[in-house]
Amino acid sequence: MPELPEVEVVRAGLAPAVIGATVVAASVIDERAITRHEGTAAEFEARLTGRSFTGAARRGKFLWLGIDDGDHALIGHLGMSGQLLLRPAGAPPERHERVRLDIVHAQHGELAVVFADQRTFGSLAIDVLVPTADGAAAGWGTDAALLPSQVAHIARDPLDPAFDDRLWRATLARKNSAIKRVLLDQTVVSGVGNIYADESLWAARIHPETPANLLSTRAARRLLTEVRAVLEKALAEGGTSFDAQYVNVNGQAGYFAHSLNAYGRTGQPCARCGRPIVRDAFMNRSSHFCRHCQRLALAARALG
DNA sequence: TATTTTACCTGAGGGC
DNA sequence: TGCCCTCAGGTAAAAT
C-alpha cells in the first residue's frame with residue numbers, strides 16, 4: 001500500500017523523466033481515475049496536451065507535477081493500488097491502465113507515463129496552486145511555497161524540514177482519540193498509513209488504542225522519533241511491497257516487507273520479547289502489535 | 001465542534 | 001469447477 005516512502009520512490013523516479021518534458025498526447029481510459037478532477041476527461045486531456053512539466057513535488061502521500069502555465073499542477077494520489085509507471089513510447093497497455101500521457105523529453109526522448117490502478121481509489125487531477133499556510137516550501141522536491149488546493153489541508157509529513165514538532169505534541173495533548181487513529185489522520189501528520197503506523201507504535205512500545213492525550217511529552221516525542229526512523233528506513237529500502245500492489249516507476253518491488261516487526265506478523269514472535277504478535281480489528285482494518293511490549297495504559301504518565 | 005462511521009472499488013483466497 | 005463470502009485500506013463525505 002503506497003504510504004510516504006512508496007510515494008517518494010515514485011516521485012524521485014518520475015522527476016528526471018518528466019521535468020522539462022512536454023505532453024504530446026493525454027488519454028483518459030477510465031474516468032474514475034480522474035474523480036479528483038473538476039472538469040471532464042476531454043477537458044483534462046486538452047489542458048495537458050502541449051504543456052510541459054516544471055517540477056515533481058510531494059507532501060505526505062500526494063504528489064504533483066508543476067505545469068508550465070505557472071499556477072497549476074497535475075496532482076496524483078495512488079490510493080490503495082495506484083501505480084505511476086514510465087514506459088517506452090507505444091508500450092502495450094498495462095493491466096488496469098487508467099490514464100496515459102505520451103511525453104517527449106530533450107534527453108530521454110519519447111516516453112509514456114502510465115497511471116494504472118486496480119482498485120481505483122487513486123486519482124489524478126489538474127488543480128490550482130495556492131500559497132502554503134506557513135510560507136515555507138510546500139514539500140519534498142520543491143522550493144516554492146505553493147501547493148495544489150486539494151493538498152492544502154494535508155499536514156506536513158514527519159520528514160519535512162518544516163514539520164512542527166511542538167505543534168505535534170500540542171495536537172496530541174488535546175486529542176481524546178486512539179493514538180493510532182491520530183497517526184492516520186493526514187491533517188495532523190501526513191504520509192503514515194496502516195503499515196507504518198503499526199511499525200512506529202511497535203518501535204515506540206505504545207499500544208495503538210492509547211488515548212493520544214494520555215501520552216507523556218516524552219512518549220509523544222519518542223513516537224515521532226520512531227515514525228521518522230521507520231519511514232527513513234523504508235525509504236532507503238525502496239518501500240514496502242505485497243504482491244504487485246506497490247512498485248516503483250519501473251515496475252519493481254521494494255524490500256521493506258522483510259524488515260517489518262509488527263504489520264502482517266500475526267502469531268509470529270515479537271522481535272523484542274518473543275511473545276506472539278496479535279491482530280485486532282481497528283477502524284474496519286487491522287492493528288498488529290505485541291500485548292506484552294505495548295501495554296494499554298489508561299492513566300497518564302504510565303507511558304513515560 | 002469534535003469524533004466516528006461509511007462509501008468507494010477490485011482481485012485474491014478460503015469454504016463448500 | 002464455480003459460486004459466495006471476506007479481506008485489504010486512503011480519503012472525504014456523512015452521520016453521530
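Chain identifiers are assigned alphabetically (A, B, ...) following the order of the sequence lines, protein sequences preceding nucleic acid strands; residue numbering begins at 1 within each chain. Note that these values count all heavy atoms, side chains included, but never hydrogens, waters or copies made by symmetry.
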S.K.: I'd like to know if A/Arg98 and A/Asp117 make a salt bridge, using a cut-off of under 4.0 Å between side-chain N and carboxylate O.
M.R.: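 No, no charged N to carboxylate O under 4.0 Å.
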
S.K.: Rounded to the Å, how far apart are A/Met283 CE and B/dT3 P?
M.R.: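 Rounded to the whole Å, the gap is 13 Å.
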
S.K.: Using Watson-Crick and G-U wobble pairs with both distances under 3.5 Å, what is the 5'-to-3' dot-bracket string of DNA chain C, with [ ] for crossing pairs and | for pairs outside the strand?
M.R.: .|||||||||||||||

S.K.: Expressed in angstrom and rounded to an integer, what is the separation of A/His96 atom NE2 from B/dC9 atom C1'?
M.R.: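 Rounded to the whole Å, the gap is 11 Å.
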
S.K.: List in chain and number order the residues that pass side-chain contact (heavy atoms from CB on, under 4.5 Å) with A/Ala91, two or more places apart in sequence or in another chain; answer none if no residue qualifies.
M.R.: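 Listed in chain order: A/Arg87, A/Pro88, A/Arg100.
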
S.K.: A/Phe121 stacking on B/dC8: centroids under 5.5 Å, ring planes under 30°?
M.R.: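 Whether judged by distance or by angle, A/Phe121 passes, so it stacks on the base of B/dC8.
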
S.K.: For nucleotides 6-8 of chain C, give me every protein contact, N/O to N/O, under 3.5 Å, one pair per line with atom names.
M.R.:
unit_1 : atom_1 : unit_2   : atom_2 : d
C/dA8  : OP1    : A/Arg279 : NH1    : 3.0
C/dA8  : OP1    : A/Ser286 : OG     : 3.0
C/dA8  : O3'    : A/Tyr263 : OH     : 3.4
C/dA8  : N3     : A/Arg119 : NH1    : 2.9

S.K.: Is it true that A/Glu43 and A/Arg47 make a salt bridge, defined as a side-chain N closer than 4.0 Å to a carboxylate O?
M.R.: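 Judged by the 4.0 Å cut-off on N to carboxylate O distance, A/Glu43 and A/Arg47 do form a salt bridge.
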
S.K.: Applying salt bridge (Lys or Arg N to Asp or Glu O under 4.0 Å), can you list everything that pairs with A/Arg221, at least two apart in sequence or on another chain?
M.R.: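 Scan of A/Arg221 (salt bridge (Lys or Arg N to Asp or Glu O under 4.0 Å), adjacent residues dropped) gives none.
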
S.K.: Provide the full list of ring pair (Phe, Tyr, Trp, His ring centres under 6.0 Å) pairs with a residue in residues 106-146 of chain A, sequence neighbours left out, each pair given once.
M.R.: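 Found A/His105-A/His108.
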
S.K.: Grab the CZ-P distance between A/Arg98 and B/dT10 for me, whole Å please.
M.R.: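 The answer, rounded to whole Å, is 7 Å.
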
S.K.: Check whether any side-chain N or O of A/Gln186 sits under 4.0 Å from OP1 or OP2 of C/dG10, and answer yes or no.
M.R.: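 No, no such contact exists.
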
S.K.: Find the distance A/Ile195:CD1 to C/dG9:C1' and express it as a whole number of Å.
M.R.: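 Roughly 10 Å, once rounded to whole Å.
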
S.K.: Under the salt bridge (Lys or Arg N to Asp or Glu O under 4.0 Å) test, which residues partner A/Arg11, sequence neighbours left out?
M.R.: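 Partners of A/Arg11 under the salt bridge (Lys or Arg N to Asp or Glu O under 4.0 Å) test: A/Glu8.
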
S.K.: Given B/dT4, is OP1 or OP2 found less than 4.0 Å from the side-chain N or O atoms of A/Ser177?
M.R.: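 Yes, A/Ser177 has a side-chain N/O under 4.0 Å of OP1/OP2 on B/dT4.
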
S.K.: Hey, could you give me each pair passing side-chain hydrogen bond (donor to acceptor under 3.5 Å, both in side chains) that has a residue in residues 160-169 of chain A? Not counting sequence neighbours.
M.R.: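 Checked against side-chain hydrogen bond (donor to acceptor under 3.5 Å, both in side chains) - neighbours excluded - the pairs reaching residues 160-169 of chain A are A/Arg156-A/Asp160, A/Asp165-A/Arg228.
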
S.K.: Could you give all pairs that pass the salt bridge (Lys or Arg N to Asp or Glu O under 4.0 Å) test and reach residues 138-152 of chain A, with sequence neighbours left out?
M.R.: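 Found none.
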
S.K.: Quick check: on DNA chain B, is the nucleotide nearest A/Arg95 upstream (toward 5') of the one nearest A/Arg174, or the reverse? Name the residue that is more 5'.
M.R.: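 The 5'-side residue here is A/Arg174.
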
S.K.: A/Ala125: which residues meet the side-chain contact (heavy atoms from CB on, under 4.5 Å) condition with it, sequence neighbours left out?
M.R.: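 Only A/Arg36, A/His37, A/Ile75, A/Gln150 meet the side-chain contact (heavy atoms from CB on, under 4.5 Å) criterion with A/Ala125.
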
S.K.: What's touching nucleotides 12-16 of chain C from the protein side, N or O pairs under 3.5 Å?
M.R.:
unit_1 : atom_1 : unit_2   : atom_2 : d
C/dA12 : OP1    : A/Arg36  : NH1    : 3.1
C/dA12 : OP2    : A/His153 : NE2    : 3.0

S.K.: Who are the salt bridge (Lys or Arg N to Asp or Glu O under 4.0 Å) partners of A/Arg291, not counting sequence neighbours?
M.R.: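 Partners of A/Arg291 by the salt bridge (Lys or Arg N to Asp or Glu O under 4.0 Å) criterion, ordered by chain and then number, come out as A/Asp280.
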
S.K.: Apply salt bridge (Lys or Arg N to Asp or Glu O under 4.0 Å) to A/Lys180 and list each qualifying residue two or more places apart in sequence or on a separate chain.
M.R.: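 Salt bridge (Lys or Arg N to Asp or Glu O under 4.0 Å) list for A/Lys180, sorted by chain: A/Asp198.
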
S.K.: OP1 or OP2 of B/dA2 sitting under 4.0 Å from any side-chain N/O of A/Lys175?
M.R.: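 No, A/Lys175 has no side-chain N/O under 4.0 Å of OP1/OP2 on B/dA2.
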
S.K.: From NZ of A/Lys180 over to P of C/dG10, roughly how many Å is that when rounded to an integer?
M.R.: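 Going from A/Lys180 (NZ) to C/dG10 (P), I get 9 Å.
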
S.K.: To the nearest angstrom, how far is A/Glu31 atom CD from B/dC8 atom C1'?
M.R.: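 Distance, rounded to whole Å: 17 Å.
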
S.K.: Check whether the side chains of A/His288 and A/Arg279 place a donor and an acceptor atom closer than 3.5 Å, and report yes or no.
M.R.: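 Side-chain D/A pair, A/His288 to A/Arg279: absent.
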
S.K.: Whole angstroms only, please: what is the CD-C1' distance between A/Glu6 and C/dG10?
M.R.: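 One finds 13 Å between C1' of C/dG10 and CD of A/Glu6, rounded.
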
S.K.: Looking across every strand, which nucleic acid part, if any, lies under 4.0 Å from A/Arg32 by heavy atom: base, sugar-phosphate, or nothing?
M.R.: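 Here A/Arg32 touches the backbone only, sparing every base.
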
S.K.: OP1 or OP2 of C/dT11 sitting under 4.0 Å from any side-chain N/O of A/His77?
M.R.: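 Looking at the OP1 and OP2 atoms of C/dT11, one of them is under 4.0 Å from a side-chain N or O of A/His77.
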
S.K.: How many whole angstroms separate atom CD of A/Gln83 from atom P of C/dG10?
M.R.: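 Whole-Å distance recorded here is 16 Å.
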
S.K.: Counting heavy atoms from C-beta on, name the nucleotide in B/dT5, C/dG10, B/dT3 closest to the side chain of A/Arg181.
M.R.: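 Nucleotide nearest to A/Arg181's side chain: B/dT5.
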
